[in-house]
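In what follows, a structure is listed as structure tokens, so that the remarks can point back to it.
Below, each value reflects all heavy atoms present in this structure, side chains not excepted, and no hydrogens, waters or symmetry copies. Quantities reported herein were computed from a predicted structural model and do not represent experimental measurements. Just so it is clear: chains get the letters A, B, ... in the order the sequence lines come, proteins before strands, and each one is counted from 1.
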Protein chains: 2
Amino acid sequence: MAYRKTPAEIHRLTAAREHLVGCATRVVAEVGWSQASVTAVADAAGIAAGSVYQHFPSKAALAVEVFRRAAGREVEVLGEVLHGPGDPVERLARGVEVFARRALENRGLAHALLAAPAEPAVGAERLAFRRRYRALFAEVVHEGVATGALPAQNGEITAAALTGAIGEVLVDPLGGPGDADTDALLADLTALALRCAGAPRS
Amino acid sequence: MAYRKTPAEIHRLTAAREHLVGCATRVVAEVGWSQASVTAVADAAGIAAGSVYQHFPSKAALAVEVFRRAAGREVEVLGEVLHGPGDPVERLARGVEVFARRALENRGLAHALLAAPAEPAVGAERLAFRRRYRALFAEVVHEGVATGALPAQNGEITAAALTGAIGEVLVDPLGGPGDADTDALLADLTALALRCAGAPRS
DNA sequence: GAAAGAAGTGAACCACCGTTCATAGCTTCC
DNA sequence: GGAAGCTATGAACGGTGGTTCACTTCTTTC
């Protein structure tokens, strides 16, 4: 044999791959899936279109990777908050707030993850992650029902409503174009969440 | 002059157009916007691909027409229920129930209207109609707040949550594939809606 | 330094799809 | 019946965008 990947080379390759995924994520967040052509992504990463295929077998595979990375981060953060300290109702409120705040802080990415038109492979991925968000919320709702803090209810539906509400607000900002008051919006959203779950009025 | 459209001819033309729109709606409901190519739609209507352009200047125009017809019906029905008799809370519950029931009865179409990936022109239309659904719900919520039946709240967000929740449930049926129990689902949804709006517990 | 092999390149390829257009078939009017 | 005008047709066109591939460039090994 006359060639073996040296550690430095391996590192260079994975770095290139990471760089590609990062740039692709940025492009998707900025212009959406439909406009994120292989050429556009490659340009953003400073490589040739053909080189993308050194790292991924197809555009769909790259897209799925981009989606999984970004959506995975959100699931992780949400999970930490929902499984953190505090009683179920508090955690639910904080979870909604964090989830929504992160989405509002990176609207483009959030839109891409939750709503923007995408190829079927990404659509399937989106479905899977929606289930995970929903499951996380539902878990806390069930907990609240068990401890008596919340009334009996279909937790899955409550959870669906929470993600749906945040998605709605993201897709079509109600307060006009400007972020007139993000904090107020977040406050309204958490209040909605507590009503949705049937938490006692404060 | 040697030619003028006779009434019968006019009727034939508009009928052909209607037939085209109807078939296109069916195709979209069955396979989604992305798979509803001009050829597929023309085939379904039993005409040549080129003939579509006798009735519509572009595929986008046909798509928009299909969307407007279908979404317009829903707005109308929802409006009638929400503006009908009964106190605001009752109307809200009935509105959610009717909206969701119709969606569940024609899942394919509902999915196309609310969620399925679509070309930009349809996306814009969708945004406009979402605002209308939302406005209708918000109106009733405001009414309820005014009469004291509901607590003070951001009605727009409550309305967004309601449409979002129904959309969520549609996109990813929670109870597995089967309609295990549509009535139970509807009951859970209306219960959710009332909690969302903060209606007194029954 | 030279051979061997991998990564990078970008122009060309190809499939798909909306759209057009020359042609054929019908309808209207005299 | 025939001229004029409209509608219907479907093969051909053109743009787009993912993918390929012969070739260049860089890295490793001896």
* Expressed in angstrom and rounded to an integer, what is the separation of B:Glu9 atom CD from C:dC26 atom P? -> 13 Å

* Between atom CG in B:Leu20 and atom C1' in D:dT7, what is the gap in whole Å? -> 14 Å

* Asked: Would you say the base of D:dA8 and the side-chain of B:Gln54 have a donor-acceptor pair closer than 3.5 Å?
  -> yes

* Do the side chain of A:Arg132 and the main chain of A:Ala71 share a donor and acceptor less than 3.5 angstrom apart? -> no

* Structure fact -> Whole-Å distance, B:Ile10 CD1 to D:dC6 P, equals 13 Å

* Asked: What integer distance in Å separates B:His55:NE2 from D:dT9:C1'?
  -> 12 Å

* Structure fact -> A:Ser58 has its side chain closest, among D:dT19, D:dT9, C:dG8, to D:dT19

* Does the B:His142 side chain pair with the main chain of B:Ala138, one donor and one acceptor, at a distance under 3.5 Å? -> yes

* Asked: Between the side chain of A:Arg130 and the main-chain N/O of A:Leu114, is any donor-acceptor distance below 3.5 Å?
  -> yes

* Candidates C:dT9, C:dG8, D:dT19 - which lies nearest the side chain of A:Tyr53 -> D:dT19

* Asked: Of B:Lys59 and A:Gly46, whose closest DNA chain C nucleotide lies nearer the 5' terminus?
  -> A:Gly46

* Donor-acceptor contact below 3.5 Å, side chain A:Arg126 vs main chain A:Ala116 -> yes

* Of the options B:Leu92, B:Val98, B:Leu136, which is the one that meets B:Val81 in a side chain to side chain contact (heavy atoms under 4.5 Å, CB included)? -> B:Val98

* Within this structure, what is the CD-to-C1' distance between B:Glu119 and D:dT16, rounded to whole angstrom? -> 15 Å

* Asked: In whole Å, what is the span from the CH2 atom of A:Trp33 to the C1' atom of D:dG17?
  -> 17 Å

* Short side-chain N/O contact to D:dT9 OP1/OP2 from B:Ser51, under 4.0 Å -> yes

* Asked: D:dG10 C1' sits how many Å from B:Asp43 CG, rounded?
  -> 11 Å

* Would you indicate, yes or no, if D:dA8 has its OP1 or OP2 atom less than 4.0 angstrom from a side-chain nitrogen or oxygen of B:Arg12? => yes

* Nucleotide C:dA7, atom P - distance to NE2 of A:His11 in whole Å -> 16 Å

